[in-house]
Amino acid sequence: MNQNKLFNQTRWRLAFSYAGVMGLILSFLGFGVYHAIAHAHWVAIDNELESVAGTLHDSLELKLKQPGRLEPMASELLPNLCIIGVSCVRSPANSSRHTLSAINQGHYYIRLFDISGRLIAIAGAYPEGLPQKFNKQTWQTITDSQGKTYHQISLSLHTQNYQDWGYFQVGRSLKDFEDYLSIVKWSLKLGLPISLILVGGASWWLAGLAMQPIYKSYRQIEQFTADAAHELRTPLAATQATVESALMHHLDEKEAREILETIERQNKRLTQLVADLLLLSRMDKQSASARRQICCLNDLVNDLVEELAALAIANQITLKSDIRTSTPLNVLGDADQLYRSVANIIVNAIQYTPSGGKVTVILERSDREAIIQVQDTGIGIPNADQKRIFDRFYRVNSDRSRHTGGSGLGLAIAQAIVQAHQGTIQVQSELDKGSTFTIRLALLIADC
């Protein structure tokens, strides 16, 4: 197939189309996966912040007595507490007693504002360069002076007697989140080209597989056209030569008659060839026989052996039937077509069996199938040719086929007819020992 430019170009186009579509799908899928991961982690961060802030908020409110004033006991709840303009409490050795000790404190910071929005205290891993201006929005994402981003939640604080105390903020660094997303992003960026390379290779392979039947059909049509042209050219050339010869000479009545008989023979050959081609064309267009009727295979086999006896005698061949069932075997189909199918095989067996040989037509039953076998003691078929003998215009022995008048369509027609009746045809052969053609057809009535 690679030697054919048209199919090679088509294969490349198919491969690029497959790869392009899959690349687009993988790109959208990677984009969706990235955003799904980012959303899931963002929700997890929100839940962590909300959990930490809620725990600290409830604990602080139980210890606050006056608005804007932070009680000393708050240092037990908040690690590294620094009261702006007053004091800082550093107690890393006892960090296990703080509420944040169960969480990675390196990510979290706490800020306390009074009612007016003035910063009162900070705690935790407080980063430098955060904006000091208070923002009442519950959820905020902010950036410090170094360009690092933080996510924080703001809650209102009240005293023990439910007076407004101020505001409470808990935030965390997003560095770990951004680092993780960076790894995911690079994994997708590297994975997509690798996937596209693999998809491209697979697309090329699949395109080749998809085009194999098409290429095979194309080669068969190409071969069929060449063979048909060759078969048609021979009788046409002979007819043309005969006519030209007749026109060049003055012919008497006997010579004219001989020329007309020659033309008639070539015309019959052409007519038969065209009829065979039309039959095969009709068989290709329909999967079942056009006429469906009950056909008795017992009568069909007996009639064929009787009618082809003269041909067998002329070739000094013994032709006999062997019906191995006492009950009629009936199938549903076209009797004329089935007759022609079996006749082609018998005639083929007679023509390829040397003088003194034998051809036997066997009819038997196997479960729900009728089996017709044509056995001969002929020259046999080489193993390399057994897969091609049902191809149109194919001849195992070209010279002998032309001598016997065959066009190479007999077995192709036989196979087409059998397949149109949902049957099968097979061949077994050994060189110089003979061949056996086996036809299997479904019985009309299982109990007949």
Side-chain angles (χ1 to χ4, degrees), residues 223-283 300 303-319 334-359 361 374 376 378-379 389-417 437:
Q223 185 65 41
F224 174 78
T225 303
D227 291 339
H230 180 76
E231 292 295 332
L232 291 170
R233 182 179 61 183
T234 301
L236 287 173
T239 302
Q240 181 68 22
T242 303
V243 172
E244 289 177 354
S245 176
L247 292 175
M248 292 174 60
H249 303 86
H250 295 287
L251 306 175
D252 57 27
E253 182 178 350
K254 181 180 178 181
E255 290 174 334
R257 186 175 184 84
E258 290 176 352
I259 288 175
L260 290 175
E261 288 175 351
T262 301
I263 294 175
E264 181 187 24
R265 287 196 301 272
Q266 297 299 333
N267 185 65
K268 286 182 178 179
R269 183 178 177 185
L270 277 174
T271 302
Q272 184 61 46
L273 180 59
V274 171
D276 289 345
L277 291 174
L278 288 174
L279 175 61
L280 287 171
S281 178
R282 288 196 299 270
M283 290 294 174
L300 184 144
D303 291 345
L304 278 170
V305 171
E306 181 179 346
E307 292 179 19
L308 294 175
L311 177 64
I313 293 172
N315 286 272
Q316 300 180 6
I317 302 296
T318 301
L319 175 64
D334 190 320
D336 293 336
Q337 288 185 1
L338 290 174
Y339 183 94
R340 181 169 185 179
S341 176
V342 180
N344 284 356
I345 297 174
I346 297 175
V347 170
N348 192 72
I350 293 173
Q351 291 176 343
Y352 283 90
T353 299
S355 299
K358 181 171 65 174
V359 175
V361 184
V374 179
D376 64 60
I379 60 176
I389 59 171
F390 295 106
D391 292 349
R392 298 171 188 183
F393 296 112
Y394 184 78
R395 299 182 179 88
V396 176
N397 188 328
S398 179
D399 293 337
R400 177 165 181 172
S401 294
R402 293 188 185 280
H403 177 72
T404 56
S407 63
L409 293 176
L411 292 180
I413 291 173
Q415 184 188 53
I417 292 173
F437 287 82

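Screening N315, I350, L308 against V359 for a side-chain contact (heavy atoms from CB on, under 4.5 Å) leaves a single residue, I350.
When every heavy atom of L304 is checked against every heavy atom of A343, the shortest pair comes out as CD2-CB, 3.5 Å. Here the closest non-hydrogen pair linking V374 and A349 is CG1-CB, 4.1 Å. Contact detail for I417 and R340: the closest heavy-atom pair is CD1-CB, 4.3 Å. Nearest heavy-atom pair across S341 and A414 is OG-O, 3.1 Å.
The shortest side-chain heavy-atom distance between Q415 and L411 does not fall under the 4.5 Å cut-off. Using a 4.5 Å heavy-atom threshold, the side chains of I317 and L311 count as separate. In this structure the side chain of I263 reaches within 4.5 angstrom of the side chain of V243, judged on heavy atoms.
The line from CG of L300 to CG of D336 is 9.5 Å long, rounded to the nearest 0.5 Å. The distance from atom CG of N267 to atom OG1 of T262, rounded to the nearest 0.5 Å, is 12.5 Å. Atom-to-atom distance recorded for I413:CD1 and Q337:CD is 10.5 Å, nearest 0.5 angstrom. Atom OH of Y339 and atom CG of N344 lie 11.0 Å apart (nearest 0.5 Å).
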